**Q** 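Quick one: this structure, given as structure tokens, is what I'll be asking you about.
Both backbone and side-chain heavy atoms feed into the values below; hydrogens, waters and symmetry mates do not. Since the model is a prediction, treat every value here as computed from it, not as a measurement. Throughout, protein chains are lettered first and strands after them, A, B, ... in sequence-line order, and every chain is numbered starting at 1.
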Amino acid sequence: MAVLAHAEAGEIAARLRNLALPAHQDLREPESGLVMLRGRVGGDGAPFNLGEATVSRAAVRLASGEVGFGYTLGRDGEKARLIALCDALAQSQDFGASVERDVIAPLREQLVAERKRAAAETAATKVDFYTMVRGEG
Amino acid sequence: MYVAVKGGERAIENAHRLLAHARRGDQGVAEISLDQISEQLGLAVDRVMSEGSLYDRELAALAIKQARGDLIEAIFLVRAFRATLPRFGTSEPVNTGAMRVQRRVSATFKDIPGGQILGPTFDYTHRLLDPSLAEGFVPEVPATAEASTAPTPRVTDILGRDGLIESSPQAEDGASVGDLTREPLNFPADRDLRLQNLARGDEGFLLAMGYSTQRGYGRNHPFVGEIRFGEVEVEFFAEDVGFAVPLGSIELTECQMVNQFKGSATEAPCFTRGYGLAFGQSERKTMSMALVDRALRARELGEEALAPAQDEEFVMSHSDNVQATGFVEHLKLPHYVDFQSELGLLRKLRQEFSKAFAETSAPDAMKEAAE
């Protein structure tokens with residue numbers, strides 16, 4: 001589900017349109033709220049409260065009974081609902097494979113490509129130290 | 001003293017209408033979009049998120065637009081907004097060691113595993129205004145290089161392996177994490193509360209406080225062990241799901257300050273640490289925060305605490321720019337009754353003064369006349 005949290009709602013919706021979706025209903029209407037984000041003292045010590053982030057959540061139930069949950073940073077409730085739907089579909093016998101193949105896998109590929117591009121641009125700013133010849137002797 | 005005054009409604013309404021007009025500026029100039037603010041004034045957005053204490057780029061951009069670029073006003077708007085939303089809970093602590101690093105430099109070691117990565121930085125620019133940015137600037141495509149898959153451990157972890165630096169304090173079992181948005185501040189405050197306060201504290205205030213330690217007011221001999229900026233994953237333990245769910249990633253800047261030694265008869269001397277962490281790319285903020293965090297540890301480390309930056313009550317009570325601006329700016333609101341009573345008192349004092357003055361100088365006048 002990490003892949004979906006990184007995607008845009010529109011991208012998930014577009015991928016889902018390729019699936020013949022089963023009947024489903026909102027178990028929890030999308031809602032927005034806050035999550036307090038925590039860091040650690042020194043990066044690896046005791047936790048402390050850094051500041052909050054907006055988060056949206058939703059839950060969806062398929063007619064066949066599977067329940068999916070959707071959580072994401074931001075105030076896009078529709079995105080949370082789409083993630084919940086994918087989560088429910090991923091658990092279903094009939095749709096598990098196709099939601100992975102047609103929705104999650106292509107979005108993962110896109111995310112990996114984007115990260116690779118960013119990593120390559122970052123890598124070009126890495127310092128290559130060289131030592132000048134010392135004037136000894 | 002405050003007093004209800006009537007009669008300003010129409011003037012206030014019209015003033016706000018005029019404000020909306022002034023905010024928009026010349027309507028012959030294209031309106032700025034939230035995307036433009038978020039993409040092209042990204043560091044302003046980062047600052048509003050940090051000090052507004054709310055990670056949401058779009059909201060921060062809206063606040064900046066509404067505040068006409070007044071960042072403290074924007075921070076105020078964001079703080080007010082956050083009070084309208086329910087809190088779902090708290091995240092798992094983020095792991096900055098696993099950051100997808102976009103910038104990472106150390107001033108203490110040249111050769112650090114993973115290397116010195118400059119990333120997008122103002123460092124080493126000449127600080128000359130660039131006229132080419134005035135219009136139609138198209139930047140060059142960024143250079144690329146093969147990215148290393150080697151991990152980028154924290155520099156403090158490397159020093160820590162040899163025991164040369166103190167380790168981070170660990171939480172005691174079952175210890176709760178202080179939250180100053182929920183409980184009023186009490187002193188002495190533990191480090192978790194201090195770091196929360198500094199993380200949302202005013203950058204300018206922290207910069208001045210940090211600078212004061214460098215100038216000798218609570219000197220602690222700092223070195224930048226490491227600054228890193230990049231993306232970290234956020235996870236949230238969702239009770240309805242029963243496990244930690246991924247929420248996506250956020251950008252953070254972390255500063256590890258390495259400071260002068262401590263030691264005792266039973267403990268070998270080692271470097272001490274100050275820590276800074278903030279939303280977005282906020283290097284000046286996290287460096288200042290780390291300096292002040294270290295200064296505030298004076299008592300814990302058995303140092304004399306005489307300087308302002310070492311006084312947690314002073315620092316924590318004045319770091320919040322929303323509180324500070326509220327109290328300073330309230331002075332411009334009507335204080336007519338307050339002022340009337342002061343005026344009455346002053347008139348009385350002056351009367352008493354004139355009377356006393358007349359009495360003391362009268363005999364002299366008579367004496368002079370007799371001569």
**Q** Quick one: what part of Arg154(B) sits under 4.5 Å from any heavy atom of chain A, side chain, backbone, both or neither?
**A**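 Looking at Arg154(B), just its side chain touches chain A.
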
**Q** Within the side chain of Thr90(B), is there an N or O that forms a donor-acceptor pair under 3.5 Å with the backbone of Met36(A)?
**A**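 Looks like no, no N/O pair under 3.5 Å.
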
**Q** Based on non-hydrogen pairs under 4.5 Å, which of Ala118(A), Ala5(A), Gly45(A) is most in contact with chain B?
**A**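 That would be Gly45(A).
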
**Q** Report yes or no: do His6(A) and Glu231(B) form a side-chain donor-acceptor pair below 3.5 Å?
**A**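 Per modelled atom types, His6(A) and Glu231(B) side chains form no pair under 3.5 Å.
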
**Q** May I ask you to decide whether Arg87(B) forms a salt bridge with Glu52(A), counting only side-chain N to carboxylate O separations under 4.0 Å?
**A**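 Salt bridge between Arg87(B) and Glu52(A), a charged N being under 4.0 Å from a carboxylate O: yes.
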
**Q** Output the option from Ala124(A), Ala120(A), Ala59(A), Gly39(A) having the highest count of non-hydrogen pairs under 4.5 Å with chain B.
**A**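 Among Ala124(A), Ala120(A), Ala59(A), Gly39(A), the one with the most close pairs to chain B is Ala120(A).
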
**Q** Taking side chain as everything from C-beta outward and backbone as N, CA, C, O, which of these in Asp293(B) sits under 4.5 Å from a heavy atom of chain A? Side chain, backbone, both or neither.
**A**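 Neither part.
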
**Q** Heavy-atom cut-off 4.5 Å, strictly under: side chain, backbone, both or neither for Val241(B) against chain A?
**A**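 For Val241(B), backbone and side chain are both near chain A.
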
**Q** With salt bridge (charged side-chain N to carboxylate O under 4.0 Å, His left out) as the criterion, how do Arg115(A) and Glu233(B) come out once you've worked through the C-alpha distance, each side chain's angles and the decisive distance to 0.1 Å?
**A** CA-CA 13 Å; Arg115(A) 284 186 181 167; Glu233(B) 296 296 316; 3.3 Å; yes

**Q** Would you say the side-chain atoms of Gln170(B) pair up with the backbone N or O of Asp44(A), donor to acceptor, closer than 3.5 Å?
**A**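 It does hold such a pair.
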
**Q** Under 4.5 Å from any heavy atom of chain A, what part of Glu146(B) do you find: side chain, backbone, both or neither?
**A**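 Answer is backbone: N, CA, C or O of Glu146(B) sit under 4.5 Å from chain A.
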
**Q** At a 4.5 Å cut-off on heavy atoms, which part of Val245(B) comes close to chain A: side chain, backbone, both, or neither?
**A**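 For Val245(B), side-chain heavy atoms alone lie under 4.5 Å from chain A.
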
**Q** What are the two closest non-hydrogen atoms of Ser53(B) and Gly51(A), and how far apart are they?
**A**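 Smallest interatomic distance, heavy atoms only, reads OG-CA, 3.4 Å.
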
**Q** Just give me the residue among Gly97(B), Ala278(B), Ala238(B) that pairs up with chain A most often, heavy atom to heavy atom, under 4.5 Å.
**A**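 Looking at each of Gly97(B), Ala278(B), Ala238(B) in turn, Ala238(B) comes out on top.
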
**Q** Report the option among Thr96(B), Leu277(B), Val105(B), Leu180(B) that has the most heavy-atom pairs separated by less than 4.5 Å from atoms of chain A.
**A**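 The answer is Leu277(B).
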
**Q** With rounding to the nearest 0.5 Å, note down the distance linking CD in Glu58(B) to OG1 in Thr54(A).
**A**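 Glu58(B) atom CD to Thr54(A) atom OG1 measures 9.0 Å (nearest 0.5 Å).
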
**Q** Chain A: which of Gly119(B), Gly89(B), Ala290(B) shares the most heavy-atom pairs with it under 4.5 Å?
**A**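 Most heavy-atom pairs under 4.5 Å with chain A: Gly89(B).
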
**Q** Do you know which of Arg117(A), Glu121(A), Arg75(A) has the most heavy-atom pairs with chain B at a distance under 4.5 angstrom?
**A**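 Between Arg117(A), Glu121(A), Arg75(A), the count favours Arg75(A).
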
**Q** Please check: side-chain N/O of Asn49(A) versus main-chain N/O of Gly178(B), any donor-acceptor pairing under 3.5 Å?
**A**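 Such a contact is found between Asn49(A) side chain and Gly178(B) backbone.
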
**Q** Under 6.0 Å from the CD atom of Gln93(A), do we count more than 12 heavy atoms belonging to anything else shown?
**A**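 Check fails, neighbour count at 12 or below.
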
**Q** Are any non-hydrogen side-chain atoms of Leu50(A) and Gln196(B) less than 4.5 angstrom apart?
**A**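 No, their side chains stay 4.5 Å or more apart.
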
**Q** How long is the span from the CD atom in Gln116(B) to the CG atom in Asp128(A), to the nearest 0.5 Å?
**A**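 Atom-to-atom, Gln116(B):CD and Asp128(A):CG are 11.5 Å apart.
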
**Q** Between Lys126(A), Arg28(A), Lys116(A), which has the largest tally of heavy atom pairs under 4.5 Å with chain B?
**A**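 So the answer, after comparing Lys126(A), Arg28(A), Lys116(A), is Lys126(A).
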
**Q** Leu34(A) pairs by side-chain contact (heavy atoms from CB on, under 4.5 Å) with which of Asp56(B), Leu85(B), Thr181(B)?
**A**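 That would be Leu85(B); it is the only one of Asp56(B), Leu85(B), Thr181(B) passing the side-chain contact (heavy atoms from CB on, under 4.5 Å) with Leu34(A).
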
**Q** Quick check: are there more than 12 heavy atoms from other residues, nucleotides or ligands sitting under 6.0 Å from CD of Glu300(B)?
**A**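 Check passes, neighbour count above 12.
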
**Q** Please answer whether the main-chain N or O of Gly42(A) pairs with a side-chain N or O of Arg273(B) as donor and acceptor at a distance below 3.5 Å.
**A**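 Such a contact is found between Arg273(B) side chain and Gly42(A) backbone.
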
**Q** With a 4.5 angstrom heavy-atom cut-off, could you sort out which part of Tyr275(B) is near chain A: side chain, backbone, both or neither?
**A**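 Only the side chain of Tyr275(B) comes within 4.5 Å of chain A.
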
**Q** Identify which part of Phe88(B) has an atom lying under 4.5 Å from any heavy atom of chain A, answering side chain, backbone, both or neither.
**A**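 For Phe88(B), the contact with chain A is made by backbone and side chain together.
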
**Q** Under a 4.0 Å N-O cut-off, is there an ion pair linking Arg57(A) with Asp240(B)?
**A**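 Asp240(B) and Arg57(A): not salt-bridged.
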
**Q** At a heavy-atom separation under 4.5 Å, does Val101(B) approach chain A through its side chain, its backbone, both, or neither?
**A**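 Val101(B) touches chain A through backbone heavy atoms alone.
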
**Q** When rounded to the nearest 0.5 angstrom, what distance separates OG1 in Thr122(A) from CD1 in Ile117(B)?
**A**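 So the OG1 of Thr122(A) and the CD1 of Ile117(B) are separated by 7.0 Å.
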
**Q** Any side-chain heavy-atom pair from Thr72(A) and Leu247(B) closer than 4.5 angstrom?
**A**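 No, too far: nothing below the 4.5 Å cut-off.
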
**Q** When only pairs under 4.5 Å are counted, which of Ser249(B), Gly274(B), Ser167(B), Pro120(B) shares the most heavy-atom pairs with chain A?
**A**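 So the answer, after comparing Ser249(B), Gly274(B), Ser167(B), Pro120(B), is Ser249(B).
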
**Q** Please rank Ser50(B), Pro169(B), Gly115(B), Ala199(B) by heavy-atom pairs under 4.5 Å with chain A and give me the top one.
**A**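 Winner by heavy-atom pair count: Pro169(B).
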
**Q** Quick check for you: among Val177(B), Asp192(B), Leu118(B), which has the greatest number of heavy-atom pairs under 4.5 Å with chain A?
**A**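 Among Val177(B), Asp192(B), Leu118(B), the one with the most close pairs to chain A is Val177(B).
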
**Q** Answer yes or no: is there a donor N or O on one side and an acceptor on the other, between the side chain of Arg40(A) and the main chain of Asn95(B), under 3.5 Å?
**A**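 No; judged by distance alone, with no hydrogens or angles, the pair does not exist.
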
**Q** So, taking the atom named CZ in Phe48(A) and the one named CG in Leu198(B), what distance separates them when rounded to the nearest 0.5 Å?
**A**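 Reported to 0.5 Å precision, the distance equals 9.0 Å.
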
**Q** So which residue, Ile83(A), Val127(A), Asp87(A), Val41(A), ends up with the most heavy-atom pairs under 4.5 Å with chain B?
**A**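 Heavy-atom pair counts peak at Val41(A).
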
**Q** Look up atom CG in Leu73(A) and atom CZ in Arg57(B), then write down how far apart they are to the nearest 0.5 Å.
**A**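 That separation rounds to 12.5 Å.
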
**Q** Closest approach of Ala171(B) and Ala46(A), non-hydrogen atoms and distance?
**A**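 Closest approach of Ala171(B) to Ala46(A): N-CB, 3.5 Å.
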
